[in-house]
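Okay, structure first, notes after.
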There are 2 protein chains.
Amino acid sequence: MPGAPRGIDDLAAGPGVRSHRRVTMQQVAVEAGVSVSTVSKVINSRYGISAATAAHVNGVIERLGYETSLVARSLRNQRTNVIGVLVADFEPFSTEVLKGAADAIRDSGFELVAYSAGGRVDEHVGWERRYLSRLMGTLVDGAVLVTPTVTDVDSDGPVVAIDPHTGSTTIPTVTADNLQGARAGVRHLLQLGHTRIGMVTGRVDLVSAQLREQGFREALAEAGVAVDDSLVVPGAFEADVAREAARGLLGRPGRPTAVFAASDQMALAVLEVAAELGIRVPHELSVVGFDNIPESALSDPPLTTVQQPIREMGRDAVALLIELIEGAEPAELHRTLGTDLVLRRSTRALGGTPS
Amino acid sequence: MPGAPRGIDDLAAGPGVRSHRRVTMQQVAVEAGVSVSTVSKVINSRYGISAATAAHVNGVIERLGYETSLVARSLRNQRTNVIGVLVADFEPFSTEVLKGAADAIRDSGFELVAYSAGGRVDEHVGWERRYLSRLMGTLVDGAVLVTPTVTDVDSDGPVVAIDPHTGSTTIPTVTADNLQGARAGVRHLLQLGHTRIGMVTGRVDLVSAQLREQGFREALAEAGVAVDDSLVVPGAFEADVAREAARGLLGRPGRPTAVFAASDQMALAVLEVAAELGIRVPHELSVVGFDNIPESALSDPPLTTVQQPIREMGRDAVALLIELIEGAEPAELHRTLGTDLVLRRSTRALGGTPS
DNA sequence: GTGAAAGCGCTAACAC
DNA sequence: GTGTTAGCGCTTTCAC
């Protein structure tokens with residue numbers, strides 16, 4: 001019984017009838033009086049279509065406001081020309097990465113889609129794996145994993161990790177020179193005469209966090225300063241956690257004269273806590289961060305920090321991923337970008353004269 | 001066969017041998033010795049499956065690491081349980097929105113995907129329309145448009161706009177009380193004794209920008225202060241443009257004693273230019289922003305600004321969208337959230353004594 | 001309880 | 001040049 005009021009039926013009733021469902025190629029074909037495959041060929045500029053037909057079909061497409069369904073096309077083709085970026089949450093670091101990724105995507109013919117675990121990372125370690133298998137090969141041609149919670153992803157397509165998990169051996173990575181960076185940051189503190197230096201560490205499962213702590217320890221050892229482990233507190237790369245840690249660190253007697261935080265977000269938290277406790281920065285406390293996120297330049301005082309080229313990392317990761325997707329053999333599968341110490345006003349010589 | 005950890009390769013014994021492609025339901029079915037439809041029923045917990053079969057199939061799924069293809073499922077079902085957020089670029093405002101959206105998505109059963117035009121908005125006005133028709137009804141069940149470049153979207157599904165384009169009549173919107181907010185900001189300046197007040201305006205095609213300018217003019221009129229149109233300069237909600245505008249505004253003789261910027265990003269740019277020109281803030285220039293993005297609290301001096309609950313706007317937009325998707329009749333289709341003046345240190349009484 | 005078969009919207013052989 | 005046909009991986013009647 002032809003009782004179903006479906007869009008296609010409407011259209012079959014006569015031209016010009018617009019239903020509320022999305023316009024399909026089928027409808028374009030009927031409306032243009034040609035076959036679906038002809039429409040498909042017109043859309044994809046395949047050979048073997050007369051100019052007149054092409055023009056006519058394009059007219060109908062225009063008139064009906066037709067756009068190809070990404071999903072249907074993806075199911076049919078193995079290629080989708082979409083790159084996915086998987087981030088745990090939208091915060092300053094991942095946002096910078098996203099900007100870099102967007103830079104790299106420009107004029108590449110790819111589109112960019114970001115998936116967020118919504119900050120629920122601790123509850124769902126390994127969420128990337130699930131997302132990856134549901135998307136890869138169908139929705140995206142490849143993916144960039146930002147600070148992933150998993151080591152190896154047995155993915156069905158190219159994957160590049162930014163700031164990878166510890167022990168990632170197989171997947172290509174883009175990362176900053178965390179060891180050198182941390183060393184430089186701590187050396188700076190040492191040169192200013194500080195010896196009682198605290199550290200707020202990052203997410204223990206990330207290579208970057210481990211290397212930053214290692215750099216901290218090495219710089220201290222190099223200067224013949226013994227590490228006081230009670231001054232090394234966990235911050236997990238999260239502002240809240242870092243704030244708590246900073247309270248413990250700064251609220252106690254014999255507090256450090258300087259703090260190295262494994263990320264700017266955490267360094268900013270240290271700054272806040274210092275203000276809260278009436279500890280003047282840099283007069284009574286020097287603080288060095290890591291990342292050089294935009295916010296670090298705007299803090300009071302502006303943060304001395306180890307800059308890593310986050311945006312460039314996003315750009316490189318996507319560029320590398322595209323090479324992989326295109327089947328090229330990239331020269332290097334593990335790219336490490338340099339870090340620089342950015343001197344601002346949150347550090348100062350121990351016992352220095354007031355400015 | 002002992003010691004074969006590659007489930008997929010084992011399975012490839014039959015027809016359709018393709019080693020590295022994703023695991024399909026078909027493969028699970030073969031491996032489990034059942035039909036595809038049975039596997040589908042197990043996955044979707046449909047009735048009519050024996051506990052034994054379910055357990056067995058689940059075991060195979062586990063072993064093979066199978067995950068359903070989002071694309072294939074989307075093509076078949078009308079529902080995808082995915083919500084899309086379309087942003088022009090990843091910057092502080094849209095990122096805050098994204099965070100709010102992520103909040104709202106939690107435990108809703110929906111997933112969140114962000115699409116970015118990659119900052120190429122000016123080149124591609126109306127990009128949302130294209131994305132929308134390619135995604136809606138297939139990839140996403142609904143979408144949130146952040147500061148869209150288009151008025152009406154003849155979309156095939158629910159759409160909610162945050163900070164909409166001028167003249168949007170049909171689509172539901174979530175927005176802040178821009179008029180009141182701007183009035184409050186400018187009144188604050190007037191109360192401090194300023195009368196020569198400049199303004200850096202926003203993207204002219206956005207309702208928010210227009211209302212902020214209107215609020216500026218109304219507050220001035222209300223105080224009996226004539227608007228000097230040469231003091232109203234376009235900033236387009238972009239830091240670069242605002243910087244240029246600020247240079248013109250502050251570099252000239254007879255510069256204003258106060259500036260109201262239609263966004264924090266632009267206010268921050270004004271701060272930078274002031275520093276560049278050696279104009280001390282707030283001593284020689286008061287600055288009021290709009291948004292209260294995180295960065296505004298960290299500037300030097302911290303920015304006095306009109307706060308709009310960006311994150312909440314993201315949350316509300318998604319909540320509203322979900323109602324729409326679920327077929328509910330939302331009580332209100334246009335939600336306006338309150339704004340508050342946040343007093344920090346970038347404003348000061350005209351001719352006030354040094355602190 | 002389970003399987004066979006149709007079909008979502010699209011593309012790519014291959015016919016005509 | 002253009003149409004016909006066969007699926008991509010999945011869900012869902014409807015038989016058995």
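Throughout, a chain's letter reflects where its sequence line sits, starting with A, and its residues are numbered from 1. FYI, side chains are in, hydrogens and waters are out, and symmetry mates aren't considered; it's all heavy atoms of this structure.
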Inset, instruction - Take Leu75(B) and Tyr47(B), find for each the nucleotide of DNA chain C with the closest heavy atom, and name the residue whose nucleotide sits nearer the 5' end. - result: Tyr47(B)
Legend entry - Selection from dG9(D), dG1(D), dT2(C) that lies nearest to any side-chain heavy atom of Ser69(B): dG9(D)
Inset, instruction - Report yes or no: do Ser40(B) and Ser37(B) form a side-chain donor-acceptor pair below 3.5 Å? - result: no
Legend entry - Flag, side chain of Thr173(B) to backbone of Ala161(B), donor-acceptor distance under 3.5 Å: no
Legend entry - Nearest-neighbour nucleotide for the Ala72(B) side chain, dT11(C), dG9(D), dT2(C) considered: dG9(D)
Legend entry - Interatomic distance, Leu70(A) CG vs dG9(C) C1' [rounded to whole Å]: 12 Å
Inset, instruction - Check the pair Glu67(B) / Arg129(A) against salt bridge (Lys or Arg N to Asp or Glu O under 4.0 Å), numbers first and verdict last. - result: CA-CA 10 Å; Glu67(B) 288 279 351; Arg129(A) 236 190 286 263; over 6 Å; no
Legend entry - Options dG3(D), dG9(C), dG1(D), nucleotide nearest the side-chain atoms of Thr38(A): dG3(D)
Inset, instruction - Round to a whole Å and report the spacing from CD of Gln26(A) to C1' of dG9(C). - result: 9 Å
Legend entry - Tyr115(A) and Tyr131(A) aromatic ring geometry - parallel, tilted or perpendicular at 30°/60° bounds: perpendicular
Legend entry - Residue pair Thr175(A) / Asp163(A), side-chain donor-acceptor N/O under 3.5 Å: no
Legend entry - Bend angle of the helix from dG1(C)-dC16(D) to dC16(C)-dG1(D), end axes from five pairs each (to 10°): 50°
Inset, instruction - Please tell me if the side chains of Met136(A) and Val159(A) come closer than 4.5 Å, counting only heavy atoms from C-beta onward. - result: yes
Inset, instruction - Let me know the distance between CG of Leu139(A) and C1' of dC8(D), rounded to the nearest Å. - result: 14 Å
Inset, instruction - Quickly work out the Tyr66(A) OH to dC10(C) C1' distance and round it to whole Å. - result: 7 Å
Legend entry - pair Thr149(A)-Trp127(A): side-chain heavy atoms closer than 4.5 Å: yes
Legend entry - Electrostatic pair Lys99(A):Glu91(B) at N-O distance under 4.0 angstrom: no
Inset, instruction - Would you mind classifying the nucleic acid contact of Val34(A) as base, sugar-phosphate or nothing, using non-hydrogen atoms under 4.0 angstrom? - result: sugar-phosphate
Inset, instruction - Measure the distance from CD1 on Ile61(A) to P on dC10(C) and round it to the nearest whole Å. - result: 10 Å
Inset, instruction - Identify whether any heavy atom of Thr53(A) sits under 4.0 Å from a base atom; if not, whether one sits that close to sugar-phosphate; answer base, sugar-phosphate or nothing. - result: sugar-phosphate
Inset, instruction - Between dT11(D), dT2(C), dC10(C), spot the one nearest the side chain of Thr24(A), thanks. - result: dC10(C)
Inset, instruction - For Thr68(B), report the nucleic acid contact type (base, sugar-phosphate, nothing); a contact means any heavy atom under 4.0 Å. - result: sugar-phosphate
Inset, instruction - May I ask you to say what Ser40(B) touches in the nucleic acid, namely base, sugar-phosphate or nothing, with a heavy-atom cut-off under 4.0 Å? - result: base
Legend entry - Val160(B) side chain reached by Arg335(B) side chain, heavy atoms, under 4.5 Å: no
Output a table of nitrogen or oxygen pairs between the protein and nucleotides 5-7 of chain C separated by less than 3.5 Å.
| residue | atom | partner | partner atom | Å |
| --- | --- | --- | --- | --- |
| dG7(C) | N2 | Arg76(B) | NE | 3.4 |
| dG7(C) | N2 | Arg76(B) | NH1 | 2.8 |
| dG7(C) | N3 | Arg76(B) | NH1 | 3.4 |

Inset, instruction - Provide, to the nearest angstrom, the distance between the CG atom belonging to Leu135(A) and the P atom belonging to dG9(D). - result: 16 Å
Legend entry - Distance test, side-chain N/O of Arg46(A) to OP1/OP2 of dA12(C), below 4.0 Å: yes
Inset, instruction - Report the distance from atom CG of Asn77(A) to atom P of dG9(D), rounded to the nearest whole Å. - result: 12 Å
Legend entry - Proximity to the side chain of Lys41(B) - top-ranked nucleotide from dG1(C), dT11(C), dT13(D): dT13(D)
Inset, instruction - Would you mind reading off the distance between Met136(B) atom CE and dG9(C) atom C1', rounded to a whole angstrom? - result: 17 Å
Legend entry - Side-chain touch Val39(B)/Val34(B), heavy atoms, less than 4.5 angstrom: yes
